[in-house]
Amino acid sequence: MKKHIVLIGFMGAGKTTLGKKIASKLNMPFIDTDAIIEKQENKTISEIFRDNGEEYFRELEHDFILKFSDIEPSIISTGGGMPCYKNNMVLLKKTGCVIYLQHPPGQLANRLYHAKKSRPLIEGKTLDAIQSLIHFKLNERELYYKQADYILAPDSQTIDRILSLINNDYPCQFVTK
Ligand code: S3P
């Protein structure tokens, strides 16, 4: 049974900001997978990448998804790579209605270049280098992202559109508390 709303998309897509707003409108818990992993490891994501490597981080993401069905219905914001490793996308779709927040690559590059959040895959990169990384990674990742139940191009109406999906047009048999 799908019980969560899961936001996926590239770094800088605004999953956390949007997720918090939807959770507050629906009065549901909000979960940010990066924040959970940081708390569990008592390290920032950058420190985990530096000390333990990306593969270890991907294991942590996968382990967390395995617990999704035990968590009460929540709005979940995922790390940008989470749906693209192991069988994570299949698992996400099992317990969640998955929404891909799709931005044009140029917009993502600008948002990431100016972002305050530290991200190990972006750290110290020029705008040009970020653009190349997005081009390369999106090429691989959209294969997974596009398996989402819904694909939305975020704009000022996004929250209302997600809320109306949940209320009116919800093929995911969504259950709230
Ligand atoms: C990553 C995205 C990050 C974080 C980590 C790796 C990725 O999350 O999980 O830095 O591989 O795209 P955000 O999408 O919240 O930035």
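What you see is a predicted model, and the numbers here were worked out from it, not measured in a lab. Reckoned from all heavy atoms, side chains included, excluding hydrogens, waters and symmetry mates. Just follow the structure's listing: the first ligand is 1, and inside any ligand the first atom is 1.
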Novice: Quick one: does Thr78 get an N or O within less than 3.5 Å of an N or O on ligand 1?
Specialist: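 In fact, backbone or side chain, Thr78 has no N or O that close.
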Novice: For atom 7 (C) of ligand 1, which of the options Pro120, Ala13, Gly81 provides the nearest non-hydrogen atom?
Specialist: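 Looking at heavy atoms only, Gly81 sits closest to atom 7 (C) of ligand 1.
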Novice: If the plane angle is over 60° it's perpendicular, under 30° parallel, otherwise tilted; pick one for Phe57 and Phe49.
Specialist: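 Ring orientation, 0 to 90° scale: tilted.
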Novice: Hey, could you give me the OG1/CD1 distance between Thr17 and Ile22, rounded to the nearest 0.5 Å?
Specialist: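 Here the rounded value is 11.0 Å.
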Novice: Would you say Met11 ends up clustered with Tyr144 if hydrophobic residues are merged whenever their side chains have heavy atoms under 4.5 Å apart, either directly or through other cluster members?
Specialist: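 Shared cluster, no.
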Novice: Which of the numbered atoms in ligand 1 are below 4.0 angstrom from a heavy atom of Asp34?
Specialist: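 Selected atoms, number and element: 3 (C), 4 (C), 8 (O), 9 (O), 13 (P), 15 (O).
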Novice: Going by atom type alone, with no hydrogens or angles, which donor-acceptor pairs under 3.5 Å involve a side-chain atom of residues 93-101 and a protein atom two or more places apart or on another chain?
Specialist:
from   : atom 1 : to     : atom 2 : distance (Å)
Lys93  : NZ     : Gln147 : O      : 2.7
Tyr100 : OH     : Glu142 : OE2    : 2.4

Novice: Just jot down the ligand 1 atoms closer than 4.0 angstrom to any heavy atom of Arg119, in number order.
Specialist: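 Going through ligand 1 atom by atom, the ones under 4.0 Å from Arg119 are 16 (O).
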Novice: State plainly whether the residues Asp155 and Arg161 are in salt-bridge range, i.e. N to O under 4.0 Å.
Specialist: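 Yes, this pair counts.
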Novice: Please identify each residue that fulfils side chain to side chain donor-acceptor pair (under 3.5 Å) with Thr78, with sequence neighbours left out.
Specialist: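 For Thr78 there are no side chain to side chain donor-acceptor pair (under 3.5 Å) partners, ignoring immediate neighbours.
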Novice: Against ligand 1, does Glu54 come closer than 4.0 Å with any heavy atom?
Specialist: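 No, Glu54 has no heavy atom closer than 4.0 Å to ligand 1.
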Novice: Identify the protein heavy atom lying closest to atom 12 (O) of ligand 1, giving its residue, its atom name and the separation to 0.1 Å.
Specialist: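 For this ligand atom, the closest protein heavy atom is Arg141 NH1, 2.7 Å.
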Novice: Run down the list Met82, Glu123, Arg58, Lys137 and name the one with the heavy atom closest to atom 6 (C) of ligand 1.
Specialist: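 Result: the heavy atom closest to atom 6 (C) of ligand 1 is in Arg58.
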Novice: Using a 4.0 Å heavy-atom cut-off, say whether Leu121 meets ligand 1 through its side chain, its backbone, both or neither.
Specialist: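 The answer is the side chain.
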Novice: Which residue and non-hydrogen atom of the protein lie closest to atom 15 (O) of ligand 1, and at what distance in Å?
Specialist: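 Atom 15 (O) of ligand 1 sits closest to the protein heavy atom Lys117 NZ, 2.9 Å.
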Novice: Could you tell me whether the side chain of Lys86 reaches within less than 4.5 Å of the side chain of Leu91, counting heavy atoms only?
Specialist: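 Heavy-atom side-chain distance check fails, nothing below 4.5 Å.
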Novice: I'd like to check whether Gly79 has a polar contact with ligand 1, where a contact means an N/O of the residue lying under 3.5 Å from an N/O of the ligand.
Specialist: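 No, Gly79 has no N/O under 3.5 Å of an N/O on ligand 1.
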Novice: What do you reckon, is CG of Asp51 surrounded by more than 12 foreign heavy atoms closer than 6.0 Å?
Specialist: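 More than 12 within 6.0 Å, yes.
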Novice: Output the list of atoms in ligand 1 that are nearer than 4.0 Å to some heavy atom of Ile45, sorted by atom number.
Specialist: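 Within the 4.0 Å cut-off of Ile45, ligand 1 contributes 5 (C), 10 (O).
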Novice: List ligand 1 atoms under 4.0 Å from Lys15, heavy atoms only on the residue side.
Specialist: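 Heavy-atom distances to Lys15 below 4.0 Å select 13 (P), 14 (O), 15 (O).
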